[in-house]
Amino acid sequence: MPAYLDTALEIESLIESWRRKLLELDAASAYAKRMNDQAHYPSQVGLGWLIAYVSASAIAKTDTGKEGWSFKSFSTGTDNGIAAQFRW
């Protein structure tokens, strides 16, 4: 791979990490505001963060970037079938 492509990928990775940090900071400020306004208890904020983190992690792990139709067979023990999925 040419050196300029390595550099471009490193720059893209750096931008992505900074974008993620900014979004995390924005989310943290929203949580802090809700606690400051006494709209939520700290335990509610922590649980909300945990649910959001687990959800985002699950989406990131299953997002393959494939678009269009995909079909998979499945079996539940008593039934068999085909599952269809369309991704855009």
Side-chain angles (χ1 to χ4, degrees):
M1 184 181 314
Y4 67 88
L5 288 179
D6 286 338
T7 304
L9 291 174
E10 289 172 4
I11 291 172
E12 185 176 325
S13 176
L14 181 65
I15 290 171
E16 186 63 32
S17 70
W18 276 100
R19 182 182 301 153
R20 182 178 178 144
K21 285 181 180 28
L22 285 173
L23 289 173
E24 289 171 351
L25 181 63
D26 184 47
S29 67
Y31 288 140
K33 181 184 181 311
R34 297 294 290 173
M35 284 192 306
N36 185 52
D37 294 344
Q38 296 180 350
H40 289 295
Y41 292 110
S43 61
Q44 293 171 320
V45 170
L47 183 60
W49 178 88
L50 180 64
I51 291 170
Y53 180 80
V54 169
S55 300
S57 296
I59 291 169
K61 289 179 183 175
T62 59
D63 190 14
T64 60
K66 295 180 181 177
E67 296 178 356
W69 286 98
S70 64
F71 299 92
K72 294 183 180 181
S73 62
F74 70 91
S75 176
T76 63
T78 57
D79 295 319
N80 297 316
I82 296 176
Q85 178 183 35
F86 181 77
R87 299 181 77 140
W88 64 88

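Keep in mind the model is a prediction, meaning the values are calculated, not measured.
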Output side-chain donor-acceptor pairs under 3.5 Å for residues 22-29, partner residues at least two apart or in another chain, one line each.
unit_1, atom_1, unit_2, atom_2, d
Glu24, OE2, Arg20, NE, 3.1
Ser29, OG, Asp26, O, 2.7

- Residues forming a ring pair (Phe, Tyr, Trp, His ring centres under 6.0 Å) with Tyr41, sequence neighbours excluded: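 Partners of Tyr41 by the ring pair (Phe, Tyr, Trp, His ring centres under 6.0 Å) criterion come out as none, since no residue qualifies.
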
| field | All ring pair (Phe, Tyr, Trp, His ring centres under 6.0 Å) counterparts of Phe86, not counting sequence neighbours | value |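 With sequence neighbours excluded, Phe86 shows a ring pair (Phe, Tyr, Trp, His ring centres under 6.0 Å) to Trp69, given in chain and number order.
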
- [ ] Return each pair, listed once, that meets salt bridge (charged side-chain N to carboxylate O under 4.0 Å, His left out) where at least one residue sits in residues 34-53; pairs must be two or more places apart or across chains.
- [x]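 Counting only pairs at least two positions apart or across chains, the salt bridge (charged side-chain N to carboxylate O under 4.0 Å, His left out) contacts touching residues 34-53 are Lys33-Asp37.
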
Looking at Gln38, I want to see if its CD is surrounded by more than 12 non-hydrogen atoms of other residues, nucleotides or ligands under 6.0 Å.
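Not buried by this count: 12 neighbours or fewer within 6.0 Å.
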
Hydrophobic clustering (ILVMFWY, side-chain heavy atoms < 4.5 Å, transitive) - are Tyr31 and Met35 grouped together?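 They do share one cluster, since a chain of ILVMFWY contacts under 4.5 Å joins Met35 to Tyr31.
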
With sequence neighbours excluded, residues passing side-chain contact (heavy atoms from CB on, under 4.5 Å) with Leu50: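 Result, side-chain contact (heavy atoms from CB on, under 4.5 Å) vs Leu50: Val54.
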
- prompt: Mind checking what makes side chain to side chain donor-acceptor pair (under 3.5 Å) contact with Ser75, not counting sequence neighbours?
  reply: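 Checked Ser75 against side chain to side chain donor-acceptor pair (under 3.5 Å); matches are Asn80.
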
